[in-house]
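Every chain is numbered from 1, with letters handed out A, B, ... down the list of sequences.
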Number of protein chains: 2
Amino acid sequence: MNEQINPQIQADSRQLILKKTLDIICGKWRLYILYQLGTEPRRYGELRRLIPEVSEKVLIQELKALTNLGVIEKKSYNEVPPRVEYSLTQKGRQVYPTLLKLTSIGEVFMDA
Amino acid sequence: MNEQINPQIQADSRQLILKKTLDIICGKWRLYILYQLGTEPRRYGELRRLIPEVSEKVLIQELKALTNLGVIEKKSYNEVPPRVEYSLTQKGRQVYPTLLKLTSIGEVFMDA
DNA sequence: AAAATAACTAACTTTTAGGTAGGTAAGTTA
DNA sequence: TAACTTACCTACCTAAAAGTTAGTTATTTT
């Protein structure tokens with residue numbers, strides 16, 4: 001009904017996008033996880049071994065969060081002992097190159 | 001003395017770079033602050049008005065942290081009432097384009 | 001029958017991030 | 001001389017993130 005552009009709504013939308021971005025990359029372990037899934041699917045135990053410093057609880061919690069955000073997906077094979085694979089979603093693969101470029105920020109500030 | 005490449009040292013260095021990256025961009029308000037400083041220096045009070053949701057304590061704390069990281073710098077004019085300006089450093093300007101591109105990550109996952 | 005396996009869950013504690021409410025300095029303006 | 005201004009600081013509190021420890025499940029292997 002109203003064709004005016006409301007700058008407040010624009011601001012709110014940019015804020016939401018920024019928040020979503022931070023949701024995805026912030027958290028001590030999220031980028032480590034995503035980097036490990038960049039090239040191939042990984043089993044839960046594999047991720048544990050690849051990132052040994054993260055606690056089991058936090059790893060699972062972060063995998064869940066990233067799954068809910070739609071960045072990664074989980075595939076359970078019905079086997080015992082269980083087998084579960086995590087991999088990037090389509091959207092996850094879409095942003096993966098940007099995630100890789102992120103570290104160029106840190107590089108600039110090393111030892112400075 | 002030892003010309004071998006130690007993959008552990010490489011891994012540690014990548015880890016440090018990643019940690020530095022997260023130091024710079026994580027924190028609820030850091031990117032908001034950096035975005036406001038992208039185009040021009042801003043006074044402390046100006047930043048308060050531009051980002052009214054952040055508490056005074058946290059704003060100052062974040063400005064200090066970003067200053068210590070070498071992303072921004074602070075210029076105090078000897079006046080009363082005080083006048084203080086914050087701006088991006090050379091290195092800060094160097095990474096600013098990357099900081100702007102960051103939000104493309106969030107865009108992909110909006111309402112997904 | 002006991003032990004091993006992989007991917008979890010639950011209860012609890014510690015650590016870190018962020019927020020609230022108040023105070024201060026020292027000139028300027030009314 | 002009282003009130004105002006701006007950029008802080010301090011002590012305290014709450015909430016969120018992360019870590020620790022100890023289960024659980026349901027087959028398979030020994």
Determine whether A/Trp29 and A/Gln61 satisfy the following criterion, side-chain contact (heavy atoms from CB on, under 4.5 Å), listing intermediate values before the conclusion.
CA-CA 11 Å; A/Trp29 303 107; A/Gln61 170 187 295; over 6 Å; no
Hey, what do you get for [atom1] ([X]) to [atom2] ([Y]), rounding to the nearest 0.5 Å?
X: B/Glu46; Y: B/Tyr86; atom1: CD; atom2: OH; result: 12.5 Å
X: A/Leu88; Y: A/Leu37; atom1: CG; atom2: CG; result: 5.5 Å
X: A/Ile24; Y: A/Leu69; atom1: CD1; atom2: CG; result: 5.5 Å
X: A/Lys75; Y: A/Ser87; atom1: NZ; atom2: OG; result: 9.0 Å
X: B/Tyr96; Y: B/Thr89; atom1: OH; atom2: OG1; result: 13.5 Å
X: A/Lys64; Y: A/Leu59; atom1: NZ; atom2: CG; result: 11.5 Å

Are side-chain heavy atoms of A/Lys19 and A/Asp23 found at a separation under 4.5 Å?
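In contact.
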Using a strict cut-off of less than 4.0 Å between a Lys/Arg side-chain nitrogen and an Asp/Glu carboxylate oxygen, indicate whether A/Arg42 and A/Glu40 qualify as a salt bridge.
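A/Glu40 and A/Arg42: salt-bridged.
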Is the shortest distance from a Lys or Arg side-chain nitrogen in A/Glu62 or A/Arg30 to a carboxylate oxygen in the other one below 4.0 Å?
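Salt bridge present between A/Glu62 and A/Arg30.
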What is the distance, to the nearest angstrom, from the [atom1] atom on [X] to the [atom2] atom on [N]?
X: A/Tyr77; N: C/dC8; atom1: OH; atom2: P; result: 13 Å
X: A/Lys28; N: C/dA17; atom1: NZ; atom2: P; result: 10 Å
X: A/Ile60; N: C/dA10; atom1: CD1; atom2: C1'; result: 12 Å
X: A/Lys19; N: C/dG18; atom1: NZ; atom2: P; result: 12 Å
X: B/Leu22; N: C/dA17; atom1: CG; atom2: P; result: 12 Å

Expected list for residues 48-55 of chain A: side-chain donor-acceptor pairs under 3.5 angstrom, two or more places apart:
from	atom 1	to	atom 2	distance (Å)
A/Arg48	NH2	A/Val54	O	3.0
A/Arg49	NE	A/Gly45	O	3.4
A/Arg49	NH2	A/Gly45	O	3.4
A/Glu53	OE2	B/Gln15	NE2	3.1
A/Ser55	OG	A/Val58	N	3.3

Output, in order, the C-alpha distance, side-chain angles, deciding distance and verdict of side-chain contact (heavy atoms from CB on, under 4.5 Å) for A/Leu63 and A/Lys74.
CA-CA 9 Å; A/Leu63 287 169; A/Lys74 172 179 169 174; over 6 Å; no
With a 4.0 angstrom cut-off to heavy atoms of chain B, pull out the first and last contacting nucleotide of DNA chain D, in 5'-to-3' order.
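Reading along DNA chain D, I get D/dT5 to D/dA11.
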What's A/Tyr86 touching, base or sugar-phosphate or nothing? Going by heavy atoms closer than 4.0 Å.
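A/Tyr86: backbone/sugar contact only, no base atoms under 4.0 Å.
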Any side-chain N or O of A/Lys74 below 4.0 angstrom from OP1/OP2 of C/dA7?
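No, outside the criterion.
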Sub-4.0 Å heavy-atom contacts from residues 38-59 of chain B onto DNA chain C, ordered by number
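Per residue number, the list reads B/Ser55, B/Lys57, B/Val58.
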Donor-acceptor pairs are to be reported for all side-chain atoms of residues 100-109 of chain A against protein atoms at under 3.5 Å, with residues two or more places apart or in another chain.
from	atom 1	to	atom 2	distance (Å)
A/Thr103	OG1	A/Leu100	O	3.2
A/Ser104	OG	A/Lys101	O	2.8

For nucleotides 25-30 of chain C, give me one character per nucleotide, 5' to 3': B if any protein heavy atom sits under 4.0 Å from the base, S if the only such contacts are to the sugar-phosphate, - if neither.
-BBS--
Find the bend of the helix from C/dA1-D/dT30 to C/dA30-D/dT1 as the angle between its two terminal axes (five pairs each), to the nearest 10°.
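The value is 10°.
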